[in-house]
Amino acid sequence: MRFRKALAAMVAALLAVATGAQAQQLTVWHDLGDNGIRWFNELNEIYRRTHPGVTVTSVSFPTDQWFGRSIAAINSNSAPDLLFNNYERVIRVMTQTNNRIVDLSSELAAAGDTSFITEADRRIATYRGRMIIFPVQRVQMAFGVRTSWLQRANEQFPSTWADVLRLGQKIRENPSGGAPAYGLALQAANPRDLIHMLDLFMFGTGLQHTLINPEGRIVIAEPRHAEVLKEFIKAFTEYRLVSPETVNHSFTDMYRMILGGRAGMFRVGDWNVRGWDTGTADLNGDFTLGPWPAFRQGDQNAVVIGGMRGVAVPENAPNRAAALAFARFLLSREAQASSLNNLGAAVRSDIPMDGLSERRLFFANPRGRLVAYDFPESVHEFYPQLEAEYHRRLLAAIASPPRDLDAFISQTSTDLQAWVDQRRPR
C-alpha cells in the first residue's frame, strides 16, 4: 500500500512537471486600447478550450510608444510573442530591426481554408517578398452625415461633390443648436492626417494612386487627379467647408469636431460604429453611412479599404512556435467572429452577424462597391519622406492659396518627380 501511494505521488509529480513545461504565456502588443484588450481577453477564453496550456495576454500602448517599445524589444532580444497593428506600422518595425519579422508565407499555407484572403490582401501583407502579417481585419472607411442635419437641410445623402458643397453651405448657414458648425471634419496636422483625407476622396471617386504610382511616377498633375486635388484645397480655402483650425487637427481633434456636433459630414471607420451607434457617444446613432462622393458624373464612387490590420511574429519571439499557432488561429471563424464583434472588422464573411445594427452590417456585409487603397509604403521605401514633402507644400497652399492652382500643381508635380528620381535605384 505504501509503495502504491509513493508511486502515485511520483506519477502526480511527473505529470505536474510535464504540465508546467507545456504551459505557455503568450504576450501580444497592440495599440487598440480597451476594445483590443477586450478582444484578446475573449480570444484567450476561446483558445484555451483547445489549448488549455496556453494563456494569451495583451498590452495596449499609444501608437508612438508601440513603435518605440516594439523596435527596442526586438533589437534587445526581449521581444513579445506577437505584434498586432496596421501593415504599414509593422513595415516600420521591420525596417528598423534588420528585418527580424517572421515570413508567414508557409504558415498561411498551414492555416487551412484561407480562400477568404484575396490577392489584394496578400499583396498588402507582403513586404520585400515576405508575408509580414496575417491579414486579420480589413479597415473600411465610409462617408458619414448627421441624419438630423440632412433632414433639417431637406437634402438626401450626398452622392456627388456638388451635393457635398450644397449641403456644406446649408450647414454653415443653419448649424445645429446654434453652435458654430462646418460642412466637413477633416485633419491636416501631420502628413498622414492630410494625405489620408485626400486618399479617401481620390479612391472614393474611383481613382488610383493619390501621389505616386507603383512605377514611381508622380500622378498629382494628371487631369482627374488634379481636378480632385483642386477641389480638396478649395474645401479649406474658397469653400470654407472646414474649421480654420483644421490645419492643426489630427485624429483626436477631428473626432472632437464630429462628436461635439461641430461638423455635418465626416469619415466613419468600421471601428467607430459600435460606439457611435448608441448613447455611449454624442452622436447617439444620428448618422447615415454611404460611399465617398463622386467628383464627376459617371464615376463609380465607393467605400474605401484604407488599411489592413494583422498579426506579426518577431523572429526572436520567446514562444515562437506557440505564437505562430495562435497567429493561424486568428483566421478561424471563431476568432474572426470575435474580431467583428469587438473591433467592427474582419476578413471573413462566413461568420455570424445576427444582432448587428444596420450601420454595423453596412461594413460587415457590404453591398456596395469597395475599393482598396494602393498602400505605396509597401512598394516605395521612401514614401513616408515623399508624403511629408507633399504635406508641407499642400499646407503652404492652404495657408496662402496660389493665384493659379493649375500652375501650383504642375510645379509641385515636377519638383516631387525630381525628388523621387534622385532616390530611386539606378
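Just so it is clear, the values below take in all heavy atoms, side chains as well, and ignore hydrogens, waters and symmetry mates.
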For the side chain of [X] and the backbone of [Y], is there at least one donor-acceptor N/O pair under 3.5 Å apart?
X: Q336; Y: L330; answer: yes
X: S339; Y: A345; answer: yes
X: N341; Y: S338; answer: no
X: H225; Y: L211; answer: no
X: D103; Y: S105; answer: yes
X: N35; Y: L32; answer: no
X: R48; Y: V54; answer: yes
X: Q187; Y: F251; answer: yes
X: R328; Y: E107; answer: no
X: N213; Y: E215; answer: yes

Item to complete: State whether a side-chain donor-acceptor pair under 3.5 Å links R38 with N41.
Response: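 Per modelled atom types, R38 and N41 side chains form no pair under 3.5 Å.
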Worksheet item: Looking only at side chains, do H30 and R309 share a donor and an acceptor under 3.5 Å apart?
Response: no
What orientation do [X] and [Y] show, parallel under 30°, tilted 30 to 60°, or perpendicular over 60°?
X: W161; Y: Y239; result: tilted
X: F266; Y: F287; result: tilted
X: F382; Y: W419; result: perpendicular

Can we say [X] and [Y] salt-bridge, meaning some charged N sits less than 4.0 Å from an Asp/Glu carboxylate O?
X: R49; Y: E334; value: yes
X: K230; Y: E238; value: no
X: R123; Y: E119; value: no
X: R423; Y: E381; value: no
X: R192; Y: D199; value: yes

Discussion item. Checking ring pair (Phe, Tyr, Trp, His ring centres under 6.0 Å) between F326 and each of Y47, F84, F134, which is the one that passes?
Written reply: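 That would be Y47.
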Distance (rounded to the nearest 0.5 Å) between [X] [atom1] and [Y] [atom2]:
X: D121; Y: M131; atom1: CG; atom2: CE; result: 8.5 Å
X: D253; Y: N248; atom1: CG; atom2: CG; result: 8.0 Å
X: L198; Y: T210; atom1: CG; atom2: OG1; result: 5.5 Å

Worksheet entry | Closest non-hydrogen atom pair, D286 against S148 | OD2-OG, 2.7 Å
Discussion item. Walk me through whether E389 and R393 qualify under salt bridge (charged side-chain N to carboxylate O under 4.0 Å, His left out).
Written reply: CA-CA 7 Å; E389 180 62 23; R393 291 167 183 261; 3.0 Å; yes
Worksheet item: Yes or no on side chain to side chain contact (heavy atoms under 4.5 Å, CB included) for V268 and R359, after CA distance, side-chain angles and deciding distance?
Response: CA-CA 10 Å; V268 183; R359 281 177 288 267; over 6 Å; no
Discussion item. Tell me whether Q65 at atom CD has more than 12 heavy atoms from other residues, nucleotides or ligands lying less than 6.0 Å away.
Written reply: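 Yes, because the 6.0 Å sphere around CD of Q65 holds more than 12 heavy atoms from other groups.
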Side-chain polar contacts of residues 312-325 - donor-acceptor pairs under 3.5 angstrom, sequence neighbours left out - could you list them?
{"residue": "E315", "atom": "OE2", "partner": "R130", "partner atom": "NH2", "Å": "3.0"}
{"residue": "N316", "atom": "ND2", "partner": "I74", "partner atom": "O", "Å": "2.9"}
{"residue": "N316", "atom": "ND2", "partner": "N77", "partner atom": "OD1", "Å": "2.9"}
{"residue": "N319", "atom": "ND2", "partner": "Q25", "partner atom": "O", "Å": "3.2"}
{"residue": "N319", "atom": "ND2", "partner": "D81", "partner atom": "OD1", "Å": "3.2"}
{"residue": "R320", "atom": "NH1", "partner": "E315", "partner atom": "O", "Å": "3.2"}

Worksheet item: Does the side chain to side chain contact (heavy atoms under 4.5 Å, CB included) test come out yes or no for L207 and M202, once each step is laid out?
Response: CA-CA 5 Å; L207 302 179; M202 287 283 186; 3.8 Å; yes
